[in-house]
Participant: 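Let me give you the structure first, and then I'll get to my questions.
As the structure lists them, so they are numbered: ligands from 1, and atoms in each ligand from 1. None of the values given here were measured: they were computed from a predicted structure.
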Amino acid sequence: MAMDLQEIARHIDEHQQQGREMDKVTLSYPSLKVEDAYKIQRICMEEAASRGDSLIGWKMGLTSAAKQKMVGVEEPIYGRLTSSMEMNSSVLSMEGLIHPKVEPELAFILKKDLKGENIRPRDVWMATDCVLPAIEVIDSRYRNFSFTLEDVVADNASSTKFLLGDQAFSPYEKAWDKMGVSILKNGEVQHEGVGSDVLGHPVRSVAELVNMLHKEDLGLKAGMVVLTGGFTEAVNVEEGDEILVDYEGLGTLSMSLS
Ligand code: 0L1
Ligand code: MG
């Protein structure tokens, strides 16, 4: 089948908007390249912008060995975060969701633009305003959460919603790589992780994102949110579930599914 990236993007965007499952794009287009998949992501963002949504940040996905093993894709990827994905309460409605999962993460909020090809952790610290506890909700549009690298990139790295904690912390508050995190569902611990599970240190995830974006001549803008990636495997959720993430020494963040 001839490959029309606009047409593929329209198809994916429709499924994202309606919360409907779809077949893997690579079944119809086996020659789809990762670069094409990122172009599809960009076109979907243009569609979102035409509906009044705006780009407010980026997420890194598959930044821990636990997550890579879970989905069988062995490299980090990025996705776009829009204003409509940010939750303004801790209640998540299941309406419009397919098979959501949640992940404990950290968000970095930038105070300066950051763009370049050899970005190191210290460049990230100089550009970071604060760090926030976060929970990401992912919901792959592909049946059974099953995809290739190209598919998942085209589906905006399964981005769906995210919740940020109210309390911001100084980037120097603690050694983020040493911070333990546990995620509980209905009072039972599901997984435990530590900051170093995220590419050695969550700051490295931001540096890697900037280096990856540079290949598309893109960068981060002051005020943007960056989700650095799950500390642990993602947890399946359904209506009625209560999620609590305990960030060692920093408190907790909760989410209720309704
Ligand atoms: O945020 C993530 O790590 C998810 C990236 C996409 C893979 C998935 O849907 O689990
Ligand atoms: Mg994530």
Participant: Under 3.5 Å, is there a donor-acceptor pair linking the side chains of Asp155 and Gln16?
Facilitator: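 Result is yes, a qualifying pair exists.
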Participant: At a 4.0 Å threshold, what atoms of ligand 1 neighbour a non-hydrogen atom of Phe147?
Facilitator: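 Close to Phe147: 7 (C), 8 (C), 9 (O).
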Participant: Pick one of side chain, backbone, both or neither for how Met70 approaches ligand 1, counting any non-hydrogen atom pair under 4.0 Å.
Facilitator: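 Neither part.
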Participant: For Glu136, what is the atom name of its N, O or S atom nearest to the Mg ion (ligand 2)?
Facilitator: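 Checking each N, O and S atom of Glu136, the shortest distance to the Mg ion (ligand 2) belongs to OE1.
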Participant: Can you find a side-chain donor-acceptor pair between Asp53 and Ser83 that sits under 3.5 Å?
Facilitator: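 Yes - a donor-acceptor pair under 3.5 Å links their side chains.
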Participant: Going by the atom numbers of ligand 1, which of them fall below 4.0 Å from some non-hydrogen atom of Ala157?
Facilitator: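 That gives atoms 4 (C), 5 (C), 6 (C) of ligand 1.
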Participant: Given Gly79, Ser158, Gly61, which has its nearest heavy atom closest to atom 9 (O) of ligand 1?
Facilitator: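 Considering heavy atoms of Gly79, Ser158, Gly61, the nearest to atom 9 (O) of ligand 1 sits in Ser158.
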Participant: Taking atom types as modelled, is there a side-chain donor on Thr26 or Asp151 under 3.5 Å from an acceptor on the other?
Facilitator: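 Note: Thr26 and Asp151 side chains meet the donor-acceptor criterion.
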Participant: Suppose I only count heavy atoms of Val152 and a 4.0 Å limit; which atoms of ligand 1 are within that range?
Facilitator: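 Those of ligand 1 that fall under 4.0 Å from Val152 are 6 (C), 7 (C).
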Participant: Going by the angle between their ring planes, with limits at 30° and 60°, are Tyr78 and Tyr38 parallel, tilted or perpendicular?
Facilitator: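 Judged by the thresholds at 30° and 60°, the geometry between Tyr78 and Tyr38 is parallel.
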Participant: I need the contact type for Lys101 against ligand 1. Using non-hydrogen atoms and a strict under-4.0 Å cut-off, is it side chain, backbone, both or neither?
Facilitator: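 Answer for Lys101: neither.
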Participant: Measure from the Mg ion (ligand 2) to every N/O/S atom of Glu105 and report the name of the nearest one.
Facilitator: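 This residue's closest N, O or S atom turns out to be OE2.
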Participant: How is the N/O/S atom of Glu103 that comes nearest to the Mg ion (ligand 2) named?
Facilitator: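 In Glu103, the heteroatom (N, O or S) nearest the Mg ion (ligand 2) is OE1.
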Participant: Would you say the side-chain atoms of Glu192 and Ser182 include a donor-acceptor pair closer than 3.5 Å?
Facilitator: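 Short answer, no.
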Participant: Atoms of ligand 1 less than 4.0 Å from Lys67 heavy atoms?
Facilitator: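 What qualifies from ligand 1 is 2 (C), 3 (O), 4 (C), 8 (C), 10 (O).
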Participant: If the cut-off is 4.0 Å to any non-hydrogen atom of Val71, which atoms of ligand 1 fall inside it?
Facilitator: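 That gives atoms 10 (O) of ligand 1.
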Participant: Against Ile40, only a single residue in Leu32, Val153, Asn156 fulfils side-chain contact (heavy atoms from CB on, under 4.5 Å); can you say which?
Facilitator: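 Filter result, single survivor: Leu32.
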Participant: Numbering the atoms of ligand 1 from 1, which are under 4.0 Å from a heavy atom of Lys59?
Facilitator: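 That gives atoms 1 (O), 2 (C), 4 (C), 5 (C) of ligand 1.
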Participant: Taking atom types as modelled and ignoring hydrogens, do the side chains of Ser196 and Arg204 form a donor-acceptor contact shorter than 3.5 angstrom?
Facilitator: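 Ser196 vs Arg204: no donor-acceptor pair found between side chains.
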Participant: Indicate the ring-plane relationship of Phe231 and Tyr247, choosing parallel, tilted or perpendicular according to the 30° and 60° boundaries.
Facilitator: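 Judged by the thresholds at 30° and 60°, the geometry between Phe231 and Tyr247 is perpendicular.
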